[in-house]
Amino acid sequence: MLGKLAFRNVRRSARDYLVYFLTMTFVTALMFAFNSLIFTRDIEEMFQAAGLMMALVGLATFFIVLIVAWLINYMVRFMLEKRSREFGIYLLIGMKKKEIARLYQRENVLLGIGAFFIGMVFGVLLQQVIMTILYSMIRMKYDLHMEFNRDCILMTAACYGGCYLLALFRSKRRFKRMNIRDLMEAQKKNEEVRESHEQRKRWLLPASVLFLGLFGAFIFLGKIQNGGHVLFFLVGIVLVIYLFYIGLSSWLVCYVRRRGNAVYRGQNLFLLRQFASKLKTMSFTMGTLTSLFTVAFLGCTVAMMFSDYQNKLLETKFPFDVQIYSDDIEEDFKDELDVIEDEAKVLDVLPYYIYANVPEEFLGESVNIQEDLTESQEKADVSKERMERANQVNVWLSTHLKIFGDTYQNEDKSPNLKKIEKDSRDGSFYCRYDTYMRLSDYNHLRSMLGYKRVSLKEQEYLIHIKERIHSEVESMKDDITVEGDEGELRFAGYYTEPFSQDGHNGGDYVIVVPDSAVSSLTPYYAELAVDIEGEAPVGLGKKLDALVEPKDWEESEEINMSEDGEEDEDTDFAGHKGMGGNSCCGSDTIIVMSVSNMVRDNLIPEMKYILSTVIFPCFYIGLVFLCVALTVLSVHQLSDSAKYKFRYSVLKKLGMNKREISMVILKQLVGYYLCPVLLACVIGGSLSVFMSGKFIFYTGIHSAVIYYFGLTFLLFFGIYGLYFITTYISFRRNVEIVP
């Protein structure tokens with residue numbers, strides 16, 4: 001009996017809660033499709049970063065489960081309040097509380113099971129779409145096939161079922177505390193609008209707007225510098241959002257009371273009173289929905305940023321087919337070439353040196369300027385001058401690039417040489433010394449990449465530098481001195497094509513000098529560039545890595561210690577056969593990959609997979625949060641349509657035709673729908689523009705700061721439009737306005 005009644009009630013209420021049912025179906029499909037990324041065996045075996053995908057998708061699922069649990073609990077409680085009078089009548093005719101609670105739970109279980117199984121069907125289809133996108137990103141072929149992983153199904157069912165069980169358990173406890181009177185009056189309590197101290201609370205609106213402006217200034221002026229500031233900012237934003245809606249509802253009530261100029265224009269009185277009462281009863285819900293919209297905007301904006309980087313800049317990071325680094329200047333790369341020739345057809349090979357402007361007598365020994373000062377002041381002055389000239393470009397970049405700020409400057413804005421030297425020894429940003437290359441090697445490398453050859457006169461030099469920082473180094477040529485065998489060289493220009501400058505051909509830059517000027521320089525480290533036919537075979541990079549033997553750095557490095565046992569910050573040390581201390585990756589920060597053995601066709605798929613571990617979870621969170629928020633908006637309006645039916649019938653009796661009533665409905669829904677979204681756009685848009693500006697600055701990608709939020713906005717309002725149109729059509733049908 002209860003089963004039949006539960007099934008009948010589900011069918012009867014399906015029209016009112018269709019949006020909720022469809023959303024739960026969509027959430028199930030998303031959950032299954034994205035959880036399948038955790039259990040993809042082929043990718044786990046291919047990429048070492050597979051664990052990162054598992055961790056981030058799992059973390060995203062955790063937050064999504066919390067939000068879905070909130071949605072289910074909210075909807076179960078909301079439906080209970082809407083049907084409270086029906087349940088009160090059941091009590092009056094003799095049904096027990098346990099039977100009513102069991103009936104209500106069966107209805108929700110039927111609704112949940114239906115959404116789950118339909119969602120799993122669509123989830124399998126969505127899984128194929130996501131897998132196709134992922135495999136195409138990492139340059140792997142994916143054959144469409146239906147895959148039902150037991151662990152994935154169990155994980156999805158556990159997350160979904162856990163949310164429902166928690167919500168139903170709480171509803172059962174609520175039934176136990178309610179009596180006939182509570183059930184009969186529950187719906188009326190939800191409709192009550194309590195107005196108190198509205199004159200005071202209306203000032204929360206301008207105050208919240210003011211605080212939003214202050215928080216915006218707080219971000220764009222760079223005041224967020226540690227975790228405490230971040231926590232303060234997030235808590236402040238959340239509080240301001242909730243205060244905004246309390247202030248807005250009170251402001252509207254006061255505006256209607258004092259009969260403002262717009263109150264009696266057209267149907268404004270009806271709309272304002274409707275909107276004010278809705279905000280009054282839903283101020284907390286509106287604040288929550290705005291928070292969800294904001295998180296959704298930010299999540300998808302982050303996904304858009306990394307996706308854009310993947311499409312525009314990633315391949316420029318690895319311009320050569322194969323490039324190998326060695327700090328041993330006597331390295332002949334014979335073993336590496338044997339492996340490459342066994343795996344692929346070699347078209348061109350170039351072993352070459354990166355040079356440093358360091359005296360040859362400094363090779364293989366430790367030089368301490370402080371000791372030189374005690375031995376011979378004249379010798380120490382010469383040594384100090386040579387050492388300063390050896391890293392003048394590194395010092396200039398460390399003290400002039402915006403990315404470093406004043407990190408490497410003293411209080412008087414002079415370079416903090418000790419800190420620069422210490423960080424360069426630790427392998428941070430730049431090599432220990434400025435990096436040079438001879439012109440013949442440079443032109444050979446350019447021909448490998450399809451660039452035009454360049455020419456230099458005997459007394460000229462050029463600088464090849466990353467395009468990202470090119471606009472900041474225009475004045476550097478006037479502050480540095482590059483010398484050849486016959487005196488100072490003249491600057492001949494900057495070149496900015498992709499040139500593998502994340503630790504191989506220098507970090508950020510390399511100075512190119514005529515071959516005749518190299519005699520005054522010292523080989524710093526060795527490089528090998530190889531051009532092969534077609535794509536490199538999978539696993540070539542791992543085979544090259546296997547050739548590298550672990551080095552005993554305790555034997556190969558000489559480190560002078562001060563009297564107190566600490567490392568002397570004035571110590572300059574050299575490696576075993578090369579110069580040592582030349583590990584660098586340039587000034588890139590957000591996305592950095594610096595490896596000794598670079599195989600382009602192996603590294604690009606791996607990097608794309610790593611980026612996808614950020615892109616997919618962010619999209620996942622954004623879509624689910626958006627759908628959850630829109631579901632709450634839609635269900636509230638559709639469930640209140642019976643109440644609005646009477647109000648619109650009164651308007652019809654007052655002389656309004658169907659077209660005018662349809663316009664009033666449209667205005668009512670637009671105002672109701674746009675209220676939480678517009679505030680979320682202001683907050684999320686500001687944060688997105690700030691993040692986009694930082695991302696563009698640190699990566700050097702060519703995109704407008706509004707680009708990522710603009711794409712997110714279009715995507716979201718596409719989904720938003722579907723929900724709105726569905727709600728508008730259903731609302732009109734419920735109040736019988738359709739002709």
Side-chain angles (χ1 to χ4, degrees), residues 30 34 37 49 52-53 55-57 59-60 63-64 130 133-134 136-138 216 219-220 222 224 230 233-234 237 291-318 402-403 466-469 471 498 502 585-594 603-626 680-720:
L30 283 175
F34 280 96
L37 295 174
L52 182 61
M53 175 70 84
L56 292 181
V57 171
L59 183 63
F63 287 109
I64 285 169
I130 290 177
I133 294 173
L134 177 61
S136 65
M137 286 170 56
I138 60 179
I219 296 176
F220 287 97
I224 299 180
V230 173
F233 174 79
L234 294 178
I237 283 291
S291 300
L292 292 178
F293 281 129
T294 302
V295 173
F297 275 127
L298 295 179
C300 279
T301 298
V302 171
M304 291 291 184
M305 289 191 299
F306 283 95
S307 178
D308 193 40
Y309 179 90
Q310 180 179 257
N311 295 329
K312 291 181 179 178
L313 281 188
L314 183 57
E315 298 201 8
T316 66
K317 304 294 284 184
F318 313 109
K402 294 178 182 178
I403 193 172
K466 286 182 180 177
E467 185 182 9
R468 179 177 60 80
I469 61 174
S471 61
D502 293 311
C585 61
S587 59
D588 292 355
T589 52
I590 294 179
I591 302 173
V592 181
M593 188 165 186
S594 179
L603 284 176
I604 288 179
E606 185 173 352
M607 283 295 293
K608 286 193 172 185
Y609 180 76
I610 293 174
L611 291 174
S612 70
T613 63
V614 177
I615 295 170
F616 281 92
C618 286
F619 267 127
Y620 182 23
I621 290 176
L623 290 175
V624 172
F625 278 34
L626 175 66
C681 283
V682 172
I683 298 173
S686 300
L687 292 174
S688 296
V689 168
F690 173 76
M691 292 191 305
S692 299
K694 292 296 183 181
F695 185 81
I696 291 169
F697 172 72
Y698 286 116
T699 60
I701 195 169
H702 294 290
S703 296
V705 291
I706 198 66
Y707 176 71
Y708 305 117
F709 180 72
L711 290 178
T712 301
F713 185 86
L714 292 176
L715 172 65
F716 275 22
F717 270 85
I719 300 174
Y720 181 93

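We're numbering straight along the sequence, starting at 1.
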Nearest 0.5 Å please: distance from the CG atom of L687 over to the CD1 atom of I683.
7.5 Å
What are the two closest heavy atoms between A60 and P617, and how far apart are they?
CB-CB, 4.0 Å
Going through the distances and angles, do M691 and L298 end up as a side chain to side chain contact (heavy atoms under 4.5 Å, CB included)?
CA-CA 9 Å; M691 292 191 305; L298 295 179; 3.7 Å; yes
Look at the rings of Y708 and F695 and say which category their plane angle falls in: under 30° parallel, 30 to 60° tilted, over 60° perpendicular.
perpendicular
Identify the heavy atoms of K312 and S703 that sit nearest to each other, and give their distance.
NZ-OG, 3.0 Å
Nearest 0.5 angstrom please: T589 OG1 to I403 CD1, how far?
4.0 Å
Please determine whether the number of non-hydrogen atoms from other residues, nucleotides or ligands lying under 6.0 Å from atom CZ of F63 exceeds 12.
no
Can you tell me how far apart CG (L56) and CD1 (I615) are? Round to the nearest 0.5 Å.
12.0 Å
N311 (side chain) donor-acceptor with S307 (main chain) under 3.5 angstrom
yes
With heavy-atom distances below 4.5 Å as the criterion, would you say the side chains of D588 and K466 are in contact?
yes
Side-chain touch F293/L626, heavy atoms, less than 4.5 angstrom:
yes
Atom CG of L711 and atom SG of C300: how far apart are they, to the nearest 0.5 Å?
10.5 Å
Taking C-beta and beyond as the side chain, do Y309 and K317 meet within less than 4.5 Å on heavy atoms?
yes
Give me the atom names and distance for the closest heavy-atom approach of V57 to F34.
CG1-O, 3.4 Å
Side-chain contact test, heavy atoms from C-beta onward, threshold under 4.5 Å: evaluate it for E315 versus K608 and give yes or no.
yes
If you define the side chain from C-beta out and look only at heavy atoms, does anything of Y707 sit under 4.5 Å from D308?
yes
CD/Q310 to CD1/I701 distance, rounded to the nearest 0.5 angstrom?
10.5 Å
Of all heavy-atom pairs linking S587 and I469, the shortest is OG-CG2, 4.3 Å
Holding to side-chain hydrogen bond (donor to acceptor under 3.5 Å, both in side chains), I want the full list of residues that pass it with S688, two or more places apart in sequence or in another chain.
T301
Distance, nearest 0.5 Å, that separates CG of L292 from CD1 of I621:
12.0 Å
Identify the heavy atoms of G299 and C618 that sit nearest to each other, and give their distance.
O-CB, 3.1 Å
Taking all atoms of both residues into account, what is the closest heavy-atom pair of L134 and L37, and its distance?
CD2-CD2, 3.6 Å
F616 ring center near F619 ring center (under 6.0 Å):
no
Going through the distances and angles, do C681 and F713 end up as a side chain to side chain contact (heavy atoms under 4.5 Å, CB included)?
CA-CA 8 Å; C681 283; F713 185 86; 3.7 Å; yes
Can you confirm whether T294 sits close enough to F297 that some side-chain heavy atom of one is under 4.5 Å from a side-chain heavy atom of the other?
no
